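What follows is a short report on a single structure.
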Amino acid sequence: CKINTYDIVPLEKNINIITERLFENPKFSKDIEFEQVLIGELNKFNDKYFPIPEFKYKVKQKLIDENKYGREKENMFLPVYKDLLIKYKIELLKQNPKTFIDKWYFKNITNEINFIFEEIKKVKNSNNKNISALILSRTMRSCRATTHSDLATLAEPVSKIYYCSKHGKICKPVFSIMKWWKTYSKDTIKRIKEFEKLKTGTYQYCLSGDARTIDIISALSKKQKSFADILNRQKISGIFSSPPYVGLIDYHEQHAYAYDLFGFKRKDELEIGPLFKGQGKESQKSYIEDISDVLNNCKKYLKENYNVFLVANDKYNLYHEIAKKAGMRIENTFKRPVLNRTEKDKGAYSEIIFHLKEK
Ligand SMILES: C[S@@+](CC[C@H](N)C(=O)[O-])C[C@H]1O[C@@H](n2cnc3c(N)ncnc32)[C@H](O)[C@@H]1O
């Protein structure tokens, strides 16, 4: 989907029609209006109690107890929020949710998502249909009922305003997908246009499968025979990859909304280094096995003098062992600070890019 070629004009037209239909649907108007009024009230409140940059400066200088002050102001704003909920008859989370979507999305958001998904199904051009679904899935990721700092690792659903340490003010969950649908539509089209300019006459294909075992040539043969033949003949010069790290993220869980909506089959058991298995010694051991299995599998398709670049936050120093097990050596390491993390409040974070070559 990401690497396809698109006819931009009809794609933009299609997306604009969907956006208009969402906007004009009276079923969604009260929640959109509610959110606008809430944003207005929050802006006034935040200007008064969380002035920029004074507030963050005072927190840094320890002149303000951030948690205590944040909680106080949260409680001060809550009645305004509750009154607006009643005035606009806003319904929030479902009781006894059975699916991920029921648990993590407000009722209006679920209705908007379903509405857009039905509109997308009507799109005739299959490429345009797929990229519109991708825009919807990016939108959904930003519309879960959670705080800004828990976007990457969901804790519990949040249905009220809260003090947000990431932004240093009172923030709110999302009540309508409109803003994010528009944002990601624009951003996705911008990326497609940029990528179109960079494309060369080469082939690209995105295969999904377990990297430890996938037979790249035969999987690709089923999709694009001519490309598979070239690959078989010339082999692969190198890999640039950002693998999962040990015990950091449950990827299936993080994208559970997409499995729910699009009906994809989950394969949790194939995930390398999932968060639910932790970062203990046993998990580290299986991580070393798994990543070296991936590299050994890839080697079947690599040229003799290959280059492999892996980005990792190797805090347990596992990559020396991984390289050894894969019959590789670490040629070089490059440090890469990660500045724009989803979770801004979780401290400095940097990654290493390992350059690996045959031993
Ligand atoms: C750090 S993320 C990199 C995401 C990547 N840069 C992208 O844009 O999709 C690591 C990815 O590895 C995937 N992964 C985990 N176990 C895998 C396996 N056994 N085979 C293939 N991919 C796996 C995760 O689902 C996740 O998407």
Side-chain angles (χ1 to χ4, degrees), residues 1-4 100 130-131 133-142 151-154 184 187-188 190-192 194-195 198 204-220 223 236 238-260 262 264-279 283-302 308-316 318-319 322 325-326 334 336-343 346 349-354 356:
C1 200
K2 285 181 192 171
I3 53 184
N4 264 340
F100 182 92
N130 288 342
I131 197 79
L134 184 138
I135 296 171
L136 179 59
S137 100
R138 292 184 74 192
T139 304
M140 285 175 79
R141 190 168 187 276
S142 296
L151 269 168
T153 44
L154 296 174
Y184 288 122
D187 178 79
T188 305
K190 186 177 129 244
R191 283 168 193 257
I192 291 173
E194 271 174 21
F195 188 39
L198 298 171
Q204 298 97 29
Y205 203 90
C206 191
L207 291 170
S208 64
D210 184 346
R212 291 165 298 188
T213 52
I214 190 169
D215 180 334
I216 294 179
I217 305 289
S218 94
L220 188 58
K223 305 284 183 187
I236 298 172
I239 299 175
F240 204 103
S241 176
S242 156
Y245 203 59
V246 60
L248 220 53
I249 293 174
D250 285 327
Y251 285 98
H252 275 77
E253 226 21 60
Q254 208 181 93
H255 298 285
Y257 54 89
Y259 290 96
D260 251 22
F262 302 127
F264 297 147
K265 191 174 173 302
R266 289 180 65 133
K267 294 181 183 165
D268 297 59
E269 71 289 354
L270 298 183
E271 226 179 85
I272 296 174
L275 170 67
F276 76 88
K277 287 196 182 150
Q279 304 188 333
S283 306
Q284 292 181 25
K285 236 173 92 188
S286 27
Y287 180 81
I288 292 174
E289 287 298 323
D290 287 338
I291 298 290
S292 53
D293 282 352
V294 171
L295 292 173
N296 280 315
N297 185 38
C298 292
K299 276 173 76 171
K300 296 180 206 154
Y301 313 99
L302 290 170
V308 172
F309 295 92
L310 295 181
V311 188
N313 168 253
D314 192 18
K315 78 170 178 196
Y316 297 111
L318 309 179
Y319 271 77
I322 288 171
K325 278 184 171 290
F334 307 90
R336 169 185 182 261
V338 182
L339 305 173
N340 287 320
R341 293 188 72 210
T342 311
E343 297 173 273
K346 306 266 161 95
Y349 184 86
S350 73
E351 292 176 330
I352 288 178
I353 302 175
F354 292 97
L356 304 166

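Predicted model only: the values in this text are computed from it and were never measured. Just so you know, ligand 1 is whichever comes first in the structure, and atom 1 is the first atom listed for that ligand.
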Open item on the list: Measuring from non-hydrogen atoms of Pro274 to any atom of ligand 1, is the shortest distance under 4.0 Å?
Closed with: no

Task: Check ion pair Asp210-Lys267 (N to O, under 4.0 angstrom) - done: no

- [ ] Take the angle between the ring planes of Tyr251 and His255 and call it parallel below 30°, perpendicular above 60°, tilted in between.
- [x] parallel

TODO: Please could you name the atoms of ligand 1 that Asp210 approaches to less than 4.0 Å, counting only its heavy atoms?
DONE: 18 (C), 19 (N), 20 (N)

TODO: Describe, in one word, how the ring planes of Phe334 and Phe309 are oriented to each other, choosing from parallel (under 30°), tilted (30 to 60°) and perpendicular (over 60°).
DONE: tilted

TODO: Could you check whether the rings of Phe100 and Tyr257 sit parallel, tilted or perpendicular, using 30° and 60° as the cut-offs?
DONE: tilted

Open item on the list: Just to confirm my output: which protein heavy-atom neighbour is closest to atom 16 (N) of ligand 1, and how far is it?
Closed with: Ile272 N, 3.0 Å

Task: Ser137 (side chain) donor-acceptor with Ala258 (main chain) under 3.5 angstrom - done: no

Open item on the list: Using heavy-atom distances only, which candidate in Pro243, Ala211, Ser242 approaches atom 4 (C) of ligand 1 most closely?
Closed with: Ser242

TODO: For residues Ile352 and Tyr319, determine if any side-chain heavy atom of one lies less than 4.5 Å from a side-chain heavy atom of the other.
DONE: no

Task: Ligand-residue contact atoms, ligand 1 with Pro244, heavy atoms, under 4.0 Å - done: 10 (C), 12 (O), 15 (C)

Open item on the list: Please list the nearest protein heavy atom to atom 27 (O) of ligand 1 with its residue and the distance rounded to 0.1 Å.
Closed with: Tyr251 CD2, 4.0 Å

Open item on the list: Quick check against the 3.5 Å criterion: does Glu271 have a side-chain atom that pairs as donor or acceptor with the backbone of His252?
Closed with: yes

Task: Flag: protein heavy atom within less than 4.0 Å of atom 23 (C) of ligand 1 - done: no

Open item on the list: Out of all atoms in ligand 1, which are within 4.0 Å of some heavy atom of Gly209? Include the element for each.
Closed with: 20 (N), 21 (C)

- [ ] State the atoms of ligand 1, each with its element, that fall below the 4.0 Å cut-off from a heavy-atom position in Leu270.
- [x] 16 (N), 18 (C), 19 (N)

- [ ] Note the single closest protein heavy atom to atom 8 (O) of ligand 1, along with its residue, its atom name and the distance in Å.
- [x] Lys2 NZ, 3.8 Å

